[in-house]
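Structure first, commentary second.
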Amino acid sequence: QVQLVESGGGLVQPGDSLRLSCAASGRSFSTYVMAWFRQAPGNEREFVARVSRSGVLTYYADSVKGRFTISRDNAKNTVYLAMNSLKAEDTAVYYCAASGGSTWSSMRTSYDYWGQGTQVTASS
């Protein structure tokens, strides 16, 4: 089992940058595929980005491709989401998630563990 705690959210202006962190506790962090999802008010939780166990492979939603970068540091049991050129439509609660399965998926149901979320607001 793994516990996930997100940090780094906040209020920024459109065009600004933020970096989210997700610290994992528990054993075998490097055996989990890690991902970020987000949920805006009135919307379903949607996939943002995922990173493979080694950190070599990444995959992004079209809406964030070229602006967001997911990475991980297995020595620190932490996954990151660097967000550049933030837009108002990026405003949401951002969740970190871990998948212990063998699938390489963007589906919420593929992820076993979730953090409590961190609010990101891009507004002028």
Side-chain angles (χ1 to χ4, degrees):
Q1 191 169 354
V2 63
Q3 292 78 43
L4 304 172
V5 179
E6 303 95 334
S7 61
L11 172 62
V12 298
Q13 293 191 342
D16 284 353
S17 299
L18 273 178
R19 189 177 81 154
L20 305 182
S21 299
C22 172
S25 61
R27 298 187 297 178
S28 304
F29 173 74
S30 63
T31 65
Y32 293 93
V33 170
M34 299 300 297
W36 288 94
F37 288 76
R38 68 186 181 186
Q39 186 168 17
N43 291 355
E44 292 191 354
R45 194 170 298 187
E46 64 176 7
F47 168 79
V48 174
R50 65 179 184 262
V51 60
S52 64
R53 295 169 181 84
S54 66
V56 171
L57 298 178
T58 58
Y59 186 81
Y60 298 92
D62 287 343
S63 58
V64 306
K65 199 173 296 182
R67 298 188 298 122
F68 290 12
T69 302
I70 188 171
S71 61
R72 66 190 296 164
D73 185 336
N74 286 342
K76 295 183 178 179
N77 282 9
T78 303
V79 62
Y80 305 98
L81 185 69
M83 305 184 293
N84 296 320
S85 303
L86 281 161
K87 305 176 181 179
E89 50 264 42
D90 295 318
T91 295
V93 177
Y94 282 70
Y95 297 90
C96 174
S99 172
S102 59
T103 57
W104 178 238
S105 172
S106 301
M107 295 178 61
R108 286 179 297 167
T109 53
S110 295
Y111 291 82
D112 308 296
Y113 305 104
W114 295 83
Q116 82 290 348
T118 186
Q119 177 71 46
V120 172
T121 302
S123 174
S124 55

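Note that these values count all heavy atoms, side chains included, but never hydrogens, waters or copies made by symmetry.
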*Got a sec, which pairs hit salt bridge (Lys or Arg N to Asp or Glu O under 4.0 Å) with one end in residues 69-86, sequence neighbours left out?*
none
*Can V120 be reached from V64 by stepping across I, L, V, M, F, W or Y side chains whose heavy atoms are under 4.5 Å apart?*
yes
*At what distance, to the nearest 0.5 angstrom, does OG of S99 lie from CE of M107?*
11.5 Å
*Under the side-chain contact (heavy atoms from CB on, under 4.5 Å) test, which residues partner A88, sequence neighbours left out?*
none
*asked:* Can you confirm whether W36 sits close enough to C96 that some side-chain heavy atom of one is under 4.5 Å from a side-chain heavy atom of the other?
replied: yes
*Do D112 side-chain atoms and Q1 backbone N/O form a donor-acceptor pair below 3.5 Å?*
no
*Please list, chain by chain and in numerical order, all residues satisfying side-chain hydrogen bond (donor to acceptor under 3.5 Å, both in side chains) with T91, sequence neighbours excluded.*
none
*Joint cluster assignment, V51 & Y113, ILVMFWY side-chain distance < 4.5 Å*: yes
_Joint hydrophobic cluster, V33 plus V79, side-chain heavy atoms closer than 4.5 Å_ = no
*Partners of T121 by side-chain hydrogen bond (donor to acceptor under 3.5 Å, both in side chains), sequence neighbours excluded?*
Q119
*asked:* Run the side-chain hydrogen bond (donor to acceptor under 3.5 Å, both in side chains) test against S110 and tell me which residues pass, sequence neighbours left out.
replied: S105
*How would you list, by chain and number, every residue that makes a ring pair (Phe, Tyr, Trp, His ring centres under 6.0 Å) with W114, sequence neighbours excluded?*
F37
_Enclosure of E44 CD (heavy-atom neighbours >12, cutoff 6.0 Å)_ = no
_With ring pair (Phe, Tyr, Trp, His ring centres under 6.0 Å) as the rule and sequence neighbours excluded, what pairs involving residues 64-103 come up?_
none
*Which heavy atom of A98 sits nearest a heavy atom of L4, and at what distance?*
N-CD1, 3.9 Å
*Identify, with sequence neighbours excluded, every residue that meets side-chain hydrogen bond (donor to acceptor under 3.5 Å, both in side chains) alongside D90.*
R38, R67
*Measure the OH-CD1 distance between Y59 and I70 for me, rounded to the nearest 0.5 Å.*
13.0 Å
Side-chain atoms of residues 7-26: list all donor-acceptor pairs with protein atoms under 3.5 Å, sequence neighbours left out, distances to 0.1 Å.
unit_1	atom_1	unit_2	atom_2	d
D16	OD2	Q13	N	3.2
S17	OG	N84	OD1	2.9
S25	OG	Q3	OE1	3.0

_Can you pull out every salt bridge (Lys or Arg N to Asp or Glu O under 4.0 Å) where at least one residue sits in residues 2-11? Sequence neighbours excluded, please._
none
*Which residues share a side-chain contact (heavy atoms from CB on, under 4.5 Å) with T31, sequence neighbours left out*: S28
*Under 4.5 Å between side-chain heavy atoms, hopping through other hydrophobics if needed: is there a path connecting Y60 to M83?*
yes
*Can you get from Y111 to L57 by hopping between Ile, Leu, Val, Met, Phe, Trp and Tyr side chains that sit under 4.5 Å apart?*
yes
